[in-house]
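Protein chains get the first letters and strands the later ones, always in sequence-line order, with residue 1 at the start of each.
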Amino acid sequence: MIFIDFLLAFVIGGLICVIGQLLMDVGKLTPAHTLSTLVVAGSILAGLGWYQPLIDLAGAGATIPITSFGNALTTGAIAEAEKHGWVGVLTGMFEVTSSGISAAIVFGFIAALIFKPKGKVN
Amino acid sequence: MVIIFKTKPSIIACGAVAGPLEKKSVFYSYFDSVVEDERWNQKTNEQGHAMMIQEACNIIMKKANITNNLDIDFFLSGDLVNQMTPTNFAARELAVSFIGMFSACATSVSSAIVASLLTELGASKYAIAGSSSQHNSIERQFRYPVDYGGQKPETAQWTVTAAGYALIGKHDPKLPSIVAGTIGKVVDYGEVNPFHMGGAMAPAAFDTISSHLKKRNQKITDYDLIMTGDLGKIGLKILKAMFAQTGAKQEELDIFRDAGAEFYGEDKSFQSGASGAGCSASVYYSYIEQQLKTGRYKRVLLCATGALLSPLSFQQGQSIPCTAHAIEITME
Amino acid sequence: MKKMALALFCIPFFLFGCSGEQLVEVKNTANAEQNQNVEEVIKNSNDVYAGNAIFIDDQLLVAVQAKPWLDYKKSKIEKNLKKQIEEKYPNLEVFVSADYKLYWETQKLLEEEDEKKVSDELEKLKKLAKEET
Amino acid sequence: MDQQQYQQIEDQITPPTPYFKNVIKAFLVGGLICTIGHAITYFYIIFFDFTETTVGNPTAATMVFIAMILTGLGLYRKLGQFAGAGSAVPVTGFSNAVVSAAIEHKTEGLVLGVGGNIFKLAGSVIVFGVASAFFVALIKLILVTMGVVEW
C-alpha cells in the first residue's frame, strides 16, 4: 500500500511536469511563461475545488509542483472570502503565505553569501 | 560594400587569451595564454573581462617589441556587455586613441576593417583591433543567471571566454596582409528564437560572402578557406545548404568552415558549438594567423557574423537582425 | 526506462497483496460488544485497508488508511464512517480521520497501558488534525 | 533567396525538438523529485507533529534547501539541461531560479544586487499566483452571491 502511495506521487508529479514540458516544447513558451501558466492553472483548479482531492491522492506529487503555489494562495483567499465576504477577498491576500517563497528568499540570500556563480559546463 | 586596400596592411602580431573552460577547445594550443580563473582574479566578471582584454593587448605589444603604449595609434575594440564597459575600462588602462566598435560577434572583423582603413590612410602606424567575450557576464545579460537550470535546445551555442586581438600596420611581404574587406548590411529573415543564432545569422553570412565574391569577381575555389565566425554546427550546415542551392558543388562547400562549430570539437554539452565576440576573434587571431604564416593557406576569407539583438528586443517580440563583415587576407 | 518497466511489472503483485483482509485493531477498555461493532463497520468499508479505533470514556477515535488510489475522496470516506458509527452509538463522541499521522500515532497507542497518557495523546492528536496550513 | 525559401532550408536542417525524449525525461525526473518530496513528508509526519494537511510547508522548505545546495554547487544547472520541465516545475525549480539570481547578482551588492534581482526570474510566478488567487476568489464570491455555486 505504501508503495502505491509513492507510485501515485511519482506518476502525478511526473505528469504535471510533462504538461510543463509540453508547454515549453510544443507551446514554445519560456520557462517563466510556463511556470506562470501552471500557477494560474493551480489557482483555477483550487477555485473549482479540485486541487485538494489531487493533494489527498498524490501527496507530494501535487504539493511539490509549482501548481500547488497557486492552490495555496487561492485556497487562502477563498477561505477569507467565505468568512468575511467582499473584504475577505482583499484581506485574504495578506493572510495567505507560502513557505516555498519565504524559504526560497531566505536560502537564496544565504546562498548569495556563500556561493560564487560557476560558469563551468561539465 | 567592398573596400580594396591598395597598400595591403599587414597583421604584425596577434594576441589570443582564453578562460579555463577553453582548455577543451581544439584551438587551445594556438592561444597565447589561458587563465585558470574565469574572473581573472578580479572581484567581478566584468572586471575580469576587462583584464582579459588588457592581457591580450600586452601580449601583442610584447610580441611586436612595443614598450610604450603611446606607440600605438589606435585601439579599436568591442564586446557584448551593455555599453561595452569591459572594453572601455581596458581602453582606460591602455590610454591610447580609442573608438568602441559594436557589431556584436562580428566586431572581430569590423574593427580590423576600420584599422586597415586608418592604416591605408596613413593615419596609423600601429592599430590594435579585435573583440572579446566572457561567458558569465554575457549569459547573465542575454539569458539567465549561469546557475539557472534552463533547458537549452540542440541549436543553442555556448558563449566563449576569450579575447583575440591583432596589431595592424604597414604592409610587410613576410606577414599576412589584408587586401580587401566587405562591410555587410543588416539582414533579418525573421528568426525570433534567441537559442537559434546560427539560423538567424546564416543569411547575413551568405549575403556578405556572396556579395564579396561577386564584387571581387572571384569564385569560392579562389580561396583556400572561407571561415565564418560563430554560426555553430547547425548554422554552418544551413549556410552550406544556401550555397548548395545557388549551385555550389561539394568541393566548393568543403572550403567553408566555422570557428564556432569547431571551437569545442565534438563535445555535445556545448550543443551547436561556440559563440560570442571572442570566438571568431580568438580563432582568427591565433590559429588562422599562424596557418597563414606557415604558408598552409595563401588566401582566406574571414566572415564574422553578429546577431544584433538585445534582451529587450527579444522580450518585445522583435526578430533578430544580423550582420556579417568579411576580410580577405593573403600571404605571399 | 528499465526501472519504470520493473515498477509497472510489480503493481499487480501489490494490488493482489492488498485485496486480502483489512487490518483493523480496536482498543477498548470495557465494552466488548462495542468493540466488535466498530471493527465491523470499519471492515465493511471497502475504501479502507487499515484502521485503528481507540475508546476512552465516551470518546472514540478512529484512524483509518484509505486505499491510496481512493485517497482523493478521503474527506468523504471520513464523513461516511463517522456517520455510520454515530448512527450505532449516538452517545459516543466520534472522531474519524484518514490522516497518516493519526494512524501512525494510534498504532503506538494501542500498546499503551496508561489511560491518562492515552487520553492526553488523543486530545493532542485531535488538535493536530484540526490545524490548517 | 527570399525569406520563404530560406525558412524551408532552415526547417529542413534544424534538428527537430525531441518531444518524446524530453517528455520522458521530464516525467522521470519530475516524478523522482516528487517521490523524494513524498518521502520527506513521511519523515516529518512520523518524527514530528505534522499531519498530512500541515506537512506541505516543511516539505517545501526542505526541498528548497536541497535545491539551494545543488544550485550553489552548479549541479542543478546540469539537471535542468537534462530534465527540462522535470526540474523546473517542482518547487526546487522555483528555488533554483531564486537562488541562482541571488548568487549571480552578489557582485552588485546585497541591496541593489541580491535584493533587487532575487525575483528576476521567479517574480512572475509570484505575481501571477497572487493575482490569479485574487481573481479566482472574487469570481467564486460573485458566483456564490448569485447563488450559482456553494462554498
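With a 4.5 Å cut-off on non-hydrogen atoms, Ala83(D) touches chain A through its backbone but not through its side chain. In this structure, no portion of Leu8(A) lies under 4.5 Å from any heavy atom of chain D. Heavy atoms of Asp56(A) lying under 4.5 Å from chain D are absent altogether. The part of Thr41(D) that comes within reach of chain A is its side chain, from C-beta onward, which places non-hydrogen atoms under 4.5 angstrom from that chain. Heavy atoms of Leu138(D) lying under 4.5 Å from chain A belong to its backbone as well as its side chain. Neither the backbone nor the side chain of Val106(A) comes within less than 4.5 Å of any heavy atom of chain D. Of the two parts of Phe135(D), neither the backbone nor the side chain holds a non-hydrogen atom closer than 4.5 Å to a non-hydrogen atom of chain A. For Met68(D), the parts sitting under 4.5 Å from any heavy atom of chain A are the backbone and the side chain alike.
If you tally non-hydrogen atom pairs under 4.5 Å between each of Ile12(A), Ile64(A), Leu22(A), Ile55(A) and chain D, the highest count goes to Ile64(A). Chain A forms more heavy-atom pairs under 4.5 Å with one residue of Ile126(D), Leu121(D), Ile118(D) than with any other, namely Ile126(D). Chosen from Val125(D), Ile33(D), Leu143(D), the residue pairing most often with chain A at heavy-atom distances under 4.5 Å is Val125(D). Ranked by non-hydrogen atom pairs under 4.5 Å with chain D, the options Leu23(A), Thr63(A), Thr34(A), Leu15(A) are led by Leu15(A). Comparing Ser100(D), Ala26(D), Gly113(D), Ala60(D) by heavy-atom pairs within less than 4.5 Å of chain A, the highest count is held by Ala26(D). Options Ser95(D), Ala61(D), Ala122(D) differ in how many heavy-atom pairs under 4.5 Å they form with chain A, and the most are formed by Ala61(D). Chain D forms the most heavy-atom pairs under 4.5 Å with one residue out of Gly20(A), Gly108(A), Ser43(A), Ala103(A), and that residue is Ser43(A). Put simply, of Ser36(A), Ala62(A), Ala9(A), Ala81(A), the one with the most heavy-atom pairs under 4.5 Å next to chain D is Ser36(A). Chain A forms the most heavy-atom pairs under 4.5 Å with one residue out of Gly93(D), Gly30(D), Ser132(D), and that residue is Ser132(D). Your options are Thr17(D), Asn22(D), Val114(D), and the one with the most heavy-atom pairs under 4.5 Å with chain A is Asn22(D). Each of His33(A), Gln52(A), Glu82(A), Met24(A) has some count of heavy-atom pairs under 4.5 Å with chain D, and the biggest count is that of Glu82(A).
Pairing each heavy atom of Cys34(D) with each of Gly61(A), the nearest pair is CB-CA, 3.8 Å. When all heavy atoms are compared, the tightest approach of Leu35(A) to Val89(D) is CD2-CA, 3.9 Å. A pairwise comparison of heavy atoms in Lys28(A) and Tyr19(D) identifies NZ-OH, 4.1 Å as the closest pair. When all heavy atoms of Phe10(A) and Leu28(D) are compared, the closest pair comes out as CE1-O, 3.7 Å. Residue Val136(D) comes nearest to Ile78(A) through the heavy atom pair CG1-CD1, 4.4 Å, listed as atom of the first residue, atom of the second, then distance. The two atoms that bring Val11(A) and Phe27(D) nearest to each other are O-CE1, 3.6 Å, heavy atoms only.
No more than 12 heavy-atom neighbours from other residues, nucleotides or ligands sit within 6.0 angstrom of CH2 on Trp50(A). The 12-atom threshold is exceeded at CD of Gln5(D), counting heavy atoms of other residues, nucleotides or ligands nearer than 6.0 Å. Surrounding CZ of Phe128(D) are at most 12 heavy atoms belonging to other residues, nucleotides or ligands under 6.0 Å away.
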- Item | CA sep, side-chain torsions, deciding dist, call: Phe115(A), Thr71(D), side-chain contact (heavy atoms from CB on, under 4.5 Å) | CA-CA 9 Å; Phe115(A) 291 115; Thr71(D) 303; over 6 Å; no
- Item | Worked verdict on Phe134(D) versus Thr74(A) for side-chain contact (heavy atoms from CB on, under 4.5 Å) | CA-CA 7 Å; Phe134(D) 173 77; Thr74(A) 308; over 6 Å; no
- May I have the step-by-step check of side-chain contact (heavy atoms from CB on, under 4.5 Å) for Ile2(A) and Tyr42(D), ending in yes or no? CA-CA 10 Å; Ile2(A) 221 82; Tyr42(D) 274 105; 3.9 Å; yes
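Classified by interplanar angle (parallel below 30°, tilted 30° to 60°, perpendicular above 60°), the ring pair Phe94(D)/Phe69(A) is tilted.
With hydrogens and angles disregarded, no donor-acceptor distance shorter than 3.5 Å links the side chain of Gln21(A) to the backbone of Val23(D).
Between Leu113(A) and Leu110(D) there is a side-chain heavy-atom pair separated by less than 4.5 Å.
Here Leu32(D) contributes atom CG and Cys17(A) contributes atom SG; the two are 10.5 Å apart, rounded to the nearest 0.5 Å. The CH2 atom of Trp86(A) sits 4.5 Å away from atom CD1 of Ile142(D), with the distance rounded to the nearest 0.5 Å. Here the CD1-CD1 distance, from Ile110(A) to Ile103(D), works out to 11.5 Å after rounding to the nearest 0.5 Å.
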